[in-house]
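In the text below, chain A, chain B and the rest are named by the order of the sequence lines, each starting its count at 1.
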2 protein chains.
Amino acid sequence: MATISDVATRAGVSTATVSRALNGKSTVDPALAARVLAAAAELGYRPNGPARNLRKQETAVLALIISDVENPFFTAIARGVEDVAHAAGYSVVLCNSDDEPDKEREYVDVALQERVAGVLLSPTGRGDSAELLSRNNTPVVAVDRPLPNSAADTVLVDTRLAAKEATLHLAEQGYRRIGCLTGPSGVLTADDRLAGYRDGLRAAKLPAPTALVRRSEFKAPGAKQAARTLLTQDDPPDAVLVANSMMAVGVLETCTELGLRPGRDIGVVAFDDAPWATLLDPPLTVVAQPAYDMGAIAAQLLLDRISGERTDMTTTTLSAHLVTRGSSTRP
Amino acid sequence: MATISDVATRAGVSTATVSRALNGKSTVDPALAARVLAAAAELGYRPNGPARNLRKQETAVLALIISDVENPFFTAIARGVEDVAHAAGYSVVLCNSDDEPDKEREYVDVALQERVAGVLLSPTGRGDSAELLSRNNTPVVAVDRPLPNSAADTVLVDTRLAAKEATLHLAEQGYRRIGCLTGPSGVLTADDRLAGYRDGLRAAKLPAPTALVRRSEFKAPGAKQAARTLLTQDDPPDAVLVANSMMAVGVLETCTELGLRPGRDIGVVAFDDAPWATLLDPPLTVVAQPAYDMGAIAAQLLLDRISGERTDMTTTTLSAHLVTRGSSTRP
DNA sequence: TTGTATGCGTTATCAC
DNA sequence: GTGATAACGCATACAA
């Protein structure tokens, strides 16, 4: 592939002039600049990224570390990030941590090694990846989940409050034994939703027996199994709050298998407004989270910090809202 | 951040020895190697990626250019790619082309500039991005859709055959006016599915009036609108083949609005086995595509070519299979 | 086995 | 306004 000196030779100028012309520096004779541009085009010249990155000691790459690209919630975040990053001339490297601290750490190492401009991290909650990054002066923005020490910009959803409201909604609909199916212990969103659920029970003056709580990974199979144990026990719940849309799939499968019809036999509210929620009969009541916005805001925050426009730490908390549908309203 | 010479100084050796030790060259005294490793650890040394990439004239990065990360089909591909790439020590840069040739081209430019090791491309079908890549000696693997000139390794699903089988299935169930809702003209998977649909009609000896075909973008809103015009015309179809799961959402919304119940009033088959397909009443008949496998195979193919293990062009065609459920079976 | 020296392609600093 | 040149951090050819 052609290098800058190939272009220089062809245009009959020095490499310095080529560099200046290509980077649009004003201090270059228009005629020469035109010659350089022509030569570059003829050769199909493309600046060598690694060389430029080395010389400039910076890259135009962001890393986005999430737990799972197959989770639509994170996908929406990724879209928000990508749109903002792309508009600013940045690329995005996508990493699946699978909520494993080791994998997260591994990707942070790669990010550091490649000298990415910044990292968007949805932390597993364990491990010290974020500290490692800031120790190496790499800007970090926490997305969806806060960092342990909270020593970074953070973009969150007030998921605890949303869980409380969802639980209160179920209580208002007359459900009295409301259960909760949440994610793994230690994952902050999972714990927050559980806490919010308990807030809601308390506010509704309902008892909060631990028998009505189950945890599983944030995916359908585990949730399906967990729902089965939850719903087939003695004195089962008459409603359930589910912590994300992938789990909801599992829970609803179990409901079908057990012959429990949402909205009639059991109240169901799930986090994340999946596009298919309205297709169910009855439609699924959900807690809609502004995932795309989270990603976009987080990316903008990161870019601002990279460009040094901002030095103060900010925490942005977006709110989720309950979308009431048939699965939680008694006939 | 510490450089190789910092490590050299601390270990009391030359930078060459550090480089050799850290890269596990056998020709280095174990005692020295240990000292180097210790020094590196103490300094938290991380090789500078751009510098190394420049020097070695290669990177451990793959670019994955797809139309939309929010499409679960592509997400599954991305997962397959990422898992394989990660296992081989490669990172993946994710790019959304939105099926726009210009955006695709733009990302190809970035890939070229950053000297990525290879590109996984789900081509929009227009533009010459792939040719540009091969002209610059960057390996390409086409995923899900073939390249115009087919001058690259390719991993496909036999989507045309699958569409034919799905159509035949509908015919066997007694549907006589089968419609088709596919993606934009020019997108090969969209055209293939339409062609397969027509194959199916022909095989079933059914007429193929163009009035029963609609196109929209591969997303819910457009499909919803298109479904409305399709289903509210005079002499509407009694069944419909839908080209992907996001479109299926739109189509099913329209069905609900029009009071058409799948499996009773209208037969429905959609591409992509969405996790929520079984939750519908009746469950949705789908054409399941091996998306994860496509991604994994494509990534492996790309890595093989990068390592020079293979020089011949291969086309891998995986098969999709029909999963029959209630939305297409008459009561 | 180890060290010295060179070059990867670019940008920035300096002279001119 | 332009050109020569140094430096970014690393890996390797070559010398010792």
Students should find that the end-to-end axis angle of the helix from C:dT1-D:dA16 to C:dC16-D:dG1, with five pairs defining each axis and rounding to 10 degrees, is 40°
Please give, in whole Å, the distance from C:dT10 P to A:E58 CD? 16 Å
Contact list for residues 1-43 of chain A, test ring-ring contact (aromatic ring centres under 6.0 Å, His included), sequence neighbours left out: none
Residue mapping more 5' on DNA chain C - nearest nucleotide basis, B:V13 or A:A16: B:V13
Take the protein atom CZ of B:R20 and the nucleotide atom P of D:dC10, then report the distance between them rounded to whole Å. 15 Å
Please, which pairs that meet ring-ring contact (aromatic ring centres under 6.0 Å, His included) have at least one residue in residues 102-149 of chain A, sequence neighbours excluded? A:Y107-B:H86
Going through the distances and angles, do B:D68 and A:R79 end up as a side-chain contact (heavy atoms from CB on, under 4.5 Å)? CA-CA 8 Å; B:D68 183 12; A:R79 208 25 148 117; 3.4 Å; yes
Check whether any side-chain nitrogen or oxygen of A:T17 sits under 4.0 Å from OP1 or OP2 of D:dT2, and answer yes or no. no
How many Å lie between CG on A:L54 and C1' on C:dT10, as a whole number? 8 Å
A:S14 side chain N/O closer than 4.0 Å to the phosphate oxygens (OP1, OP2) of D:dA4? no
Nearest-nucleotide comparison on DNA chain C, the residue closer to the 5′ end among B:A51 and A:K56: B:A51
Using a heavy-atom cut-off of 4.0 Å across all strands, would you classify B:S19 as base, sugar-phosphate, or nothing? base
Using the rule given for side chain to side chain donor-acceptor pair (under 3.5 Å), can you reason through B:D109 versus B:Q113, listing the C-alpha separation, both sets of side-chain angles and the distance that settles it, and then say yes or no? CA-CA 6 Å; B:D109 274 326; B:Q113 175 148 337; over 6 Å; no
Are any of A:Q57's side-chain N or O atoms less than 4.0 Å away from OP1 or OP2 of D:dG9? yes
With a 4.0 Å limit, can you tell me whether B:N48 has a side-chain N or O closer than that to the phosphate oxygens OP1/OP2 of D:dC8? no
What does A:N23 touch in the nucleic acid at a heavy-atom separation under 4.0 angstrom: a base, only the sugar-phosphate, or nothing? sugar-phosphate
With side chains defined as the heavy atoms from C-beta onward, is the minimum distance between B:D29 and B:T17 less than 4.5 Å? no
D:dG9 phosphate, OP1 or OP2: any side-chain N/O from B:R55 under 4.0 angstrom? no
Answer with base, sugar-phosphate or nothing: what part of the nucleic acid does B:P47 contact at a heavy-atom distance below 4.0 Å? sugar-phosphate
